[in-house]
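To start, the structure under review is shown below, and the notes come after it.
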Amino acid sequence: MADRPPSPAIDLADWGLTPARIDAVAQLPATETAGLILGRVIVAVRGVRRVITIGGELDARVAGRLRHHGGDSGLPAIGDWVLVLPATGTGDDPRIEVVLPRSSKISRKAAGSRTDEQVVAANVDRLFVVVGLDSDFNPRRLERYLVAASASGVEPVVVLNKGDLCPDPSSRRAEVAALASGTKVEVTSAVTGVGLDALRALLEPGKTVSMIGSSGAGKSTLINALFGTEIMATGAVRESDDRGKHTTSHRELLRLPSGALVIDNPGIRELALWENDQELDGAFEDTFDDIVELASECRFRDCDHDAEPGCAVRQAITSELLSAERVSSYRNLQSESARLEVRQQGAAKLEAKRKLKARHHSMRKHRSRDR
């Protein structure tokens with residue numbers, strides 16, 4: 001049997017590799033990179049990551065050092081650039097040893113009671129916030145997404161999908177443009193094709209776009225429309241509440257025929273804020289610029305915009321220049337941020353205490369050996 005020709009090498013520039021990142025890898029100590037190969041995480045499923053490398057795709061496990069000492073935020077996320085130790089023998093699995101510094105990340109607080117960061121996507125250039133123009137439409141949830149996007153430093157684009165199901169999509173677009181000042185807003189329909197060309201213009205070769213939104217917003221259907229073929233599974237939406245199943249069960253980075261890179265995320269029921277107080281302060285100013293500007297005219301600098309005299313924000317609500325629901329959303333997100341900061345500080349103290357205890361334990365072991 002004739003030998004099969006070798007597979008052509010993959011150009012990682014097609015997957016977002018830049019000269020700056022190559023230089024960053026070259027500057028790492030040789031002791032940290034010897035024998036390792038560069039790749040990008042394109043699928044994340046539990047403890048396994050699928051990585052695209054110059055030699056093709058491989059499934060790699062996460063090194064125990066990263067799992068035990070890096071915390072959830074240090075684990076390789078979808079879109080991360082990593083260094084992988086190839087399999088060295090029969091039965092061995094490739095292993096991710098190094099997660100390279102991220103140019104950007106989109107994070108949320110992990111679900112449940114834990115005070116941990118979950119990185120939803122890494123090294124993202126643009127964020128598509130997908131909202132369905134059916135009963136999925138929720139301005140308050142959208143404000144939360146925009147705060148998170150602003151805190152991450154990633155440029156957001158609001159995608160009002162399912163325009164074919166809305167009797168007046170232009171009105172919805174105007175409403176969103178008013179609450180998302182300076183943010184690009186596009187109305188789309190994967191069914192009729194409306195707005196798809198506008199999205200394609202924002203999908204640049206070698207650049208990474210992440211899509212986030214609630215389950216049933218139509219992210220996977222949009223990706224299929226952009227591909228021009230059924231590449232992602234899609235599911236029906238319940239008529240009772242327009243909610244869908246999580247048809248995307250894991251995060252995946254896809255390369256469109258145009259050369260653009262898209263990360264499809266499972267539907268997010270609740271995007272709990274994570275970033276620190278300073279980052280969120282700037283995000284609040286970006287997302288709620290109208291409220292922040294009015295607040296500067298309040299009589300008291302520490303006005304809570306509740307019952308204080310001389311509150312310009314409350315006056316704007318009374319004059320119907322500002323929505324009471326929007327102000328409530330602003331105050332709720334600020335309260336959530338303050339609570340999170342307290343929890344993060346408490347978690348940091350516990351972690352410092354744990355490390356100190358482990359260090360003392362190690363020192364005692366060394367002393368007993370020296371005797």
Side-chain angles (χ1 to χ4, degrees), residues 72-73 104-121 127 129 131 137-158 175-183 185 212-214 268-349:
D72 285 0
S73 62
S104 66
K105 62 177 179 176
I106 299 166
S107 298
R108 68 170 180 173
K109 188 186 83 65
S113 59
R114 295 184 305 147
T115 307
D116 293 323
E117 177 185 15
Q118 180 186 22
V119 180
V120 175
L127 179 66
V129 180
V131 180
F137 183 76
N138 184 326
R140 307 290 78 85
R141 188 195 304 130
L142 177 56
E143 288 164 348
R144 176 180 290 273
Y145 282 133
L146 291 174
V147 167
S150 178
S152 72
V154 178
E155 177 193 358
V157 176
V158 179
E175 180 182 351
V176 170
L179 65 87
S181 177
T183 301
V185 181
I212 63 170
S214 60
I268 298 176
R269 290 191 178 92
E270 184 67 23
L271 185 68
L273 301 179
W274 172 259
E275 282 74 8
N276 63 46
D277 195 48
Q278 183 177 357
E279 291 169 327
L280 285 173
D281 276 348
F284 287 136
E285 290 180 7
D286 289 342
T287 307
F288 297 97
D289 55 336
D290 51 348
I291 297 177
V292 172
E293 184 176 348
L294 281 167
S296 66
E297 301 174 10
C298 291
R299 181 183 300 178
F300 303 108
R301 293 187 61 184
D302 60 347
C303 183
D304 286 331
H305 319 305
D306 186 11
E308 296 88 345
C311 175
V313 173
R314 298 300 304 178
Q315 180 57 46
I317 294 173
T318 302
S319 303
E320 298 185 350
L321 299 175
L322 193 62
S323 160
E325 290 80 8
R326 180 164 167 79
V327 175
S328 178
S329 173
Y330 172 68
R331 295 179 62 199
N332 289 341
L333 288 170
Q334 284 197 317
S335 296
E336 179 182 331
S337 170
R339 291 193 301 271
L340 177 62
E341 184 178 14
V342 171
R343 292 180 63 176
Q344 286 175 337
Q345 290 173 349
K349 288 179 181 179

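Note that the structure is a prediction, hence the values are computed from the model and not measured.
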Aromatic ring pairing His305/Tyr330, orientation class (parallel under 30°, perpendicular over 60°, tilted between) | tilted
Least distance between heavy atoms, Ser152 atom then Lys105 atom | CB-O, 3.1 Å
Salt bridge check: are Glu143 and Arg326 linked by an N-O gap of less than 4.0 Å?
-> yes
Quick one: do Phe288 and Val327 satisfy side chain to side chain contact (heavy atoms under 4.5 Å, CB included)? Show the steps, please.
-> CA-CA 9 Å; Phe288 297 97; Val327 175; over 6 Å; no
If you round to the nearest 0.5 Å, how far is CG of Leu127 from CD1 of Ile212?
-> 4.5 Å
From CD (Gln334) to OG (Ser329), nearest 0.5 Å = 10.5 Å
Just wondering, do Val176 and Thr183 contact through their side chains at under 4.5 Å, heavy atoms?
-> no
Glu308 atom CD, over 12 foreign heavy atoms within 6.0 Å | yes
What one should report as the nearest heavy-atom pair of Ala312 and Cys298 is N-SG, 3.4 Å
Is there a donor-acceptor contact under 3.5 Å from the side chain of Ser319 to the main chain of Ala316?
-> no
Would you indicate whether the side-chain heavy atoms of Leu179 and Leu146 approach each other to under 4.5 Å?
-> yes
Heavy-atom side-chain contact between Glu175 and Pro139 under 4.5 Å | yes
Rounded to the nearest 0.5 Å, how far does CD of Gln315 lie from CG of Leu321?
-> 8.5 Å
Asp304 backbone acceptor or donor facing Arg331 side chain under 3.5 Å | yes
Residues Asn332, Arg140; criterion side chain to side chain contact (heavy atoms under 4.5 Å, CB included); working and verdict | CA-CA 10 Å; Asn332 289 341; Arg140 307 290 78 85; over 6 Å; no
